[in-house]
2 protein chains.
Amino acid sequence: MARPRTPLLSRERIVAAALRLIDEEGLDALSTRRLATELSVSGPSLYNHFATKDELLDAVVDSVIGEVDLSMFATAEGEAGADGTRWPEALRDWARSYRAALAAHPNIVPVLAQGPGRRPNALRLADAVFGHLVEAGWPRGQATRIGALMRYFVTGSALASFAAGFPADAEVYDAADYPHLGEAHRLAGHRGSVDEGAFETGLEALLDGLALRFARLPARS
Amino acid sequence: MARPRTPLLSRERIVAAALRLIDEEGLDALSTRRLATELSVSGPSLYNHFATKDELLDAVVDSVIGEVDLSMFATAEGEAGADGTRWPEALRDWARSYRAALAAHPNIVPVLAQGPGRRPNALRLADAVFGHLVEAGWPRGQATRIGALMRYFVTGSALASFAAGFPADAEVYDAADYPHLGEAHRLAGHRGSVDEGAFETGLEALLDGLALRFARLPARS
DNA sequence: ACCTGAACACCGTTCAAGT
DNA sequence: ACCTGAACACCGTTCAAGT
C-alpha cells in the first residue's frame, strides 16, 4: 500500500483508540502493536504521528485533563475574589469536575498524577486554580499548597475504588485475623455510594478546614 | 548447575531485590529476566518461588504496607475510644506513618492503591483503622468513608511529588498562556517543603473538618 | 509525507531435563 | 525441591523500501 492518498491515521484517532483500549483493558494492554491492529494498520505506522509511546501517552493524558471544567475560576472582576467569599464554592465545583473526568478513566490516573510536565491542559488547570486562590486573598505559598493537596485528594480518589478493593468473598475476612472486617465483603456491592460518599465527605471536610485557616489569615492591606 | 544443595533464592531475597529495582528505576524496569540477572540466576528460576509476576508484585506491595505503624490504634480500654477524644490524634499519627512508608517507594503506589485484595498487611491496616473509629464513636458507615478518604489523600500525596511535576525550565511557562505560573519553575527546587507542607495542611484541614462532623453526631446511648 | 515488512533487543511464561 | 536452556508468543523501536 505504502502512502495512501488520504492518510489512514491522525493523532486524534490514535489518541481516542488508545484511551478506549486503556479504559477497557488497562494500561498494560496498550501496546503499539495492539493499538495499530485496532486501527487496521501495521505497528510502525504510529511512529509517523508520535515519536515514542510516551509521547502518545502524554497526548492521551492531556485529552483527559482537557475535560475538566475550569469555568468557575473565570469569575467577573468584583463579583468574587475581592472579598474572597467565593473560593470554597469554586474549589468544590472544580474538584467534582476534576474527579469526574479522572474517575471516568482510572487506568490512566497513575500517569496523569506525575504532574503537568509540559502538557498544555494540565498547565492551564494549575494556572487557573493558583490564580483564583491568590486573587481570593490566599498568600502565594498557601495557594500552592492548596493546589497540591487538592490534587492529592482528587487523584487518590480517582485512582481506584476503595470499596472494590475489598474482595467480595466473605472467606477472606477471618474473624481471628480481622475482627472488624466481618462486613467488608459487602463493600464491593455498594461501590458507587461508598466511593462517592467518601469523596464528598472528604471534600467538605477539607473545605471546612481550609475555611478555618482562611479566617485566621492576617488582614490584607 | 541444576538444584544446588542450599537454595540460591528465597521469597524474601526476591522481594527485596524487586523493591530496590522499582525504587531505583521504576515499575517498568522490573522484568523477571532483569530481576533474575540481578540475583545471578536465570529467568525461569523465579517461578519456583512465585507463580506469576503479579504474585511477586503483591508480595512487594504487602512488604511496603507492613512498614506502616498501627500501634496508635491499639490503645488500652478506657484510655481512649470511650470518650472519643483521641481519634484525631491517632488518625494524624497513622496518616504520617502511612505516607512516609509509601512516599519512600512512590513507584509502587499505583499498584498498592488498588486496594487490600487478599494481602494480610493491607487487611490488618484496614481492620485497625475501621475498628478504632467505630470504638471512638463513629457510625460504621461514616467510619468506612473516613478510612476511604484518608487512603485517597495519603496515596495521592505519595504517588508523586507535586512540586517535581512542574519542569524547572522557565521557558515552559509562557506568560501569555499561563499568567500566574511565572514562578512555577522554582517549585522543583523546593520539592521537600512544598510537598510536606501540602500534606500537613491537608491533613490538619481534614481532621478539623471531621472533628466538626463528629461534634454534630447524635449522642450515643 | 505516510505506510509497509524485516529486523533487533527485549518481554512473561512453560516445559523437559538435570540433580 | 530448585535450578537450567530452549522455546513460544509477545513487546518498542529502527530502517530501508515503496508511492
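Model, not experiment: these values are computed from the prediction. Sequence lines set the chain letters: A, B, ... in the order given, protein chains first and strands last, and positions in each chain run from 1.
- In this structure, A:S45 contributes its side chain and A:S42 its backbone to a donor-acceptor pair below 3.5 Å.
- Side-chain proximity of A:L8 to D:dT19, D:dT4, C:dC3: nearest is C:dC3.
- In this structure, B:N48 places its CG atom 12 Å from P of C:dT14, rounding to the nearest Å.
- Rounded to an integer number of Å, the gap from CG of B:D28 to P of C:dC10 is 16 Å.
- Counting only heavy atoms from C-beta on, B:S42 has its side chain closest to D:dG5 among D:dG5, D:dG12, C:dT13.
- Checked by atom type and distance alone, the side chain of A:D62 pairs as donor or acceptor with a backbone atom of A:A122 at under 3.5 Å.
- Look at CG on A:L30: it is 11 Å from P on D:dT13, rounded to the nearest Å.
- Straight-line distance from the CG atom of B:L46 to the C1' atom of C:dT13: 11 Å, rounded to whole Å.
- Pairing for D:dC11 is absent, judged as Watson-Crick or G-U wobble with the two contacts each under 3.5 Å.
- Few gaps surround CD on B:E24; more than 12 heavy atoms of other groups in view lie less than 6.0 Å from it.
- Side-chain atoms of A:S63 come within 3.5 Å of backbone N or O of A:V60 as a donor-acceptor pair.
- Across all strands shown, C:dG18 pairs with D:dC2; the Watson-Crick or G-U wobble distances both stay below 3.5 Å.
- Whole-Å rounding puts the B:L27 CG to C:dG12 C1' distance at 15 Å.
- When the P atom of D:dC2 is taken as reference, atom CG of B:L39 falls 15 Å away, rounded to whole Å.
- Residue A:K53 places its side chain closer to D:dG12 than to any other of D:dC2, D:dG12, D:dG5.
- Considering only the side chain of B:Y47, C:dG12 comes nearest among D:dC3, D:dG12, C:dG12.
- Summary of the strand contacts: A:P44 and A:A29 both lie near DNA chain D, and taking for each the nucleotide with the nearest heavy atom, the more 5' one is attributed to A:A29.
- Looking at the side chain of A:R33, the nearest of the listed nucleotides C:dC3, D:dT4, C:dC8 is C:dC8.
- The distance between atom CZ of B:R13 and atom P of D:dC2, rounded to the nearest whole Å, is 14 Å.
- Neither OP1 nor OP2 of D:dC2 sits under 4.0 Å from any side-chain N or O of B:S45.
- Rounded to a whole Å, the CD1 atom of B:I14 is 14 Å from the P atom of C:dG12.
- Residue B:R34 places its side chain closer to C:dC11 than to any other of C:dC11, C:dG5, D:dT4.
- If you find the closest nucleotide of DNA chain C to A:H49 and to B:A51, the one lying nearer the 5' end belongs to A:H49.
- A:R124 places no side-chain N or O within 3.5 Å of a backbone atom of A:G66 that could act as its donor or acceptor partner.
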